Number of protein chains: 2
Amino acid sequence: MAKLDISLVAHLPLFSGIKPDDLDEILREARSARYPRNTAIFEQGADAQSFFLLLHGHVRAAKTTPTGEQIVVRYVAPGETFGLAMAIGATHYPATALAVDDSVALIWPTSAWPRLIERFPALAANTMQTVGKRLQESHTRILEMSTQQVEQRVAHALLRLANQSGKKLDHGIEIDFPISRQDIAQMTGTTLHTVSRILSGWESQGLVESGRQRIILRDPHRIVVLAERSPDGSTS
Amino acid sequence: MAKLDISLVAHLPLFSGIKPDDLDEILREARSARYPRNTAIFEQGADAQSFFLLLHGHVRAAKTTPTGEQIVVRYVAPGETFGLAMAIGATHYPATALAVDDSVALIWPTSAWPRLIERFPALAANTMQTVGKRLQESHTRILEMSTQQVEQRVAHALLRLANQSGKKLDHGIEIDFPISRQDIAQMTGTTLHTVSRILSGWESQGLVESGRQRIILRDPHRIVVLAERSPDGSTS
DNA sequence: GTGCGTTTTTGCGCTATCGCAAACTGCCTG
DNA sequence: CAGGCAGTTTGCGATAGCGCAAAAACGCAC
């Protein structure tokens, strides 16, 4: 079992610079678990007892306001870590993690983290990189929310999803997990209604094909153009 | 000179867990520089040759879009680090840093970072914490931009600034560096016009007193109420 | 003290987007 | 195969906030 895992995860950025023997040791400290579709993995505010490496499936990390509104912080794809609260010095999860598809994850107890990074400093360095990357993505998202209109933000969001978790089709790219208009609204700071209108419009132009929790980008190139177009509609 | 620095910085979170002798060694690798008000410290996109610890003054980190619009990523207060591009694996600065007030910073060459964190793992851990905290703040900001209206976002922004860099007055809190309506607009994703209108409104209610690049919160408590009030205006 | 550039204020029309409501569709369950 | 539910579509006001424009206020430099 562990042997199998090694070949699957050895190439991940998280483990870059880690020797196979060390990796073996690291993996021995983990257990793995299966999360059926729509299972909560952890809840915002709960004690951060574990951190995770997603092997299969897709996980949505979402943050909820006191008044109950939600935003999607990110979608986790296989090979990515999540629930790293302790690495960043938090004792409680700042968001809720939900398996949006049948998923499998490796799980380490939070308590193992200090020892792991002491023994394998590369782990800390790699984690720093990914946290840093997420920080920059956050800033990009803030920039987009501040300067672009909804249609452009939705375009960007879909392109990112396609890039991260797109399945190439004969003609187009399909987003490889169930995702609703509501989800996209929560990624872009708008309402499901507006997302629905936008997708309907795109569909009638042949840019996308979509249905219940399913989106296929039929013409990614033209969506890129949309994403970058200045508000007044000029192409320059 | 170095002796003087030690007493000033020893208690900073960045150096927590570092022994005085080690701190001395770390500080010996740094030089310090003075940046007069409105001086650029580094430009977005430039080669990340240094990282910084602000000793005095205030620095604004801002990100610019291809089309020239700007957002303020954050304001740096004394004791905080900035320009940590390399720590998060970037070779170029993702934002522009500008001294908004006469400022002094310690400067390390980026090339010293790998050696420093190898010799002093606590440095890496502490940096991880602050990057993690910034990530969470980013997410909070995204949440606010997605769910709150402009007035509430401005309220939150001012409260944060007051908290980070507020100078207590006999009656109220003054934000301790020059900041324009435009700056606040760029922190909250709106326009200077709207910020101006909001502040004018607040001023007439005695909540704030403000002028050219200057803001005093006269009634922080009521501003907190504003920040948390639900969109329909009910207090519950 | 005067002049100038920057910042702020304010008015006014416009529109992107929301909010609500209602109808529709497709899927899963039994 | 019928029923029901979750997700989606669409219409129709309502409006928060933008964009433009012009005037006013402030502070600095000479």
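Just so it is clear, the model here is predicted, and its values are computed rather than measured. Reckoned from all heavy atoms, side chains included, excluding hydrogens, waters and symmetry mates. Letters go in sequence order (proteins before strands), and every chain restarts at 1.
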(message) Given B:Val208, which partner from the list B:Ile175, B:Ile223, B:Ile216 fulfils the side-chain contact (heavy atoms from CB on, under 4.5 Å) test?
(response) B:Ile223
(request) Specify the residue among B:Arg37 and B:Val195 whose closest nucleotide of DNA chain D lies further upstream toward the 5′ end. (result)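 Residue closer to the 5' terminus by nearest nucleotide: B:Val195.
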(request) Could you pick out which residue, A:Gly211 or B:Arg153, lies toward the 5' side of DNA chain D when each is mapped onto its nearest nucleotide? (result) A:Gly211
Just the rounded figure in Å: distance from [atom2] of [N] to [atom1] of [X].
X: B:Ile184; N: C:dT7; atom1: CD1; atom2: C1'; answer: 13 Å
X: B:Leu192; N: D:dG19; atom1: CG; atom2: C1'; answer: 11 Å
X: A:Arg197; N: C:dA16; atom1: CZ; atom2: P; answer: 13 Å
X: A:Gln149; N: C:dC14; atom1: CD; atom2: P; answer: 18 Å
X: B:Ile215; N: C:dT7; atom1: CD1; atom2: C1'; answer: 12 Å

Within the structure, does a side-chain N or O atom of [X] lie under 4.0 Å from either OP1 or OP2 of [N]?
X: B:Ser196; N: C:dT7; answer: no
X: B:Thr194; N: D:dC18; answer: yes
X: A:Arg181; N: D:dT9; answer: yes
X: B:Thr190; N: D:dC18; answer: yes

(request) Output the single nucleotide from C:dT17, D:dC18, D:dT8 whose closest atom is nearest the side chain of B:Thr191. (result) D:dC18
(request) With the side chain counted from C-beta on, respond yes when B:Lys63 and A:Thr140 share a heavy-atom pair under 4.5 Å apart, and no when they do not. (result)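 In contact.
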(message) For a quick check of understanding: with a heavy-atom distance under 4.0 Å over all strands, which category does B:Gly201 fall into, base, sugar-phosphate or nothing?
(response)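 Here B:Gly201 touches no strand at all.
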(message) Check this for me: does any side-chain nitrogen of one of B:Arg153 and B:Glu144 sit under 4.0 Å from a carboxylate oxygen of the other?
(response)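 The answer is no: the pair does not qualify as a salt bridge.
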(request) With side-chain hydrogen bond (donor to acceptor under 3.5 Å, both in side chains) as the test, would you mind laying out the steps for B:Thr188 and B:Thr190 before giving the verdict? (result) CA-CA 6 Å; B:Thr188 52; B:Thr190 181; 5.5 Å; no
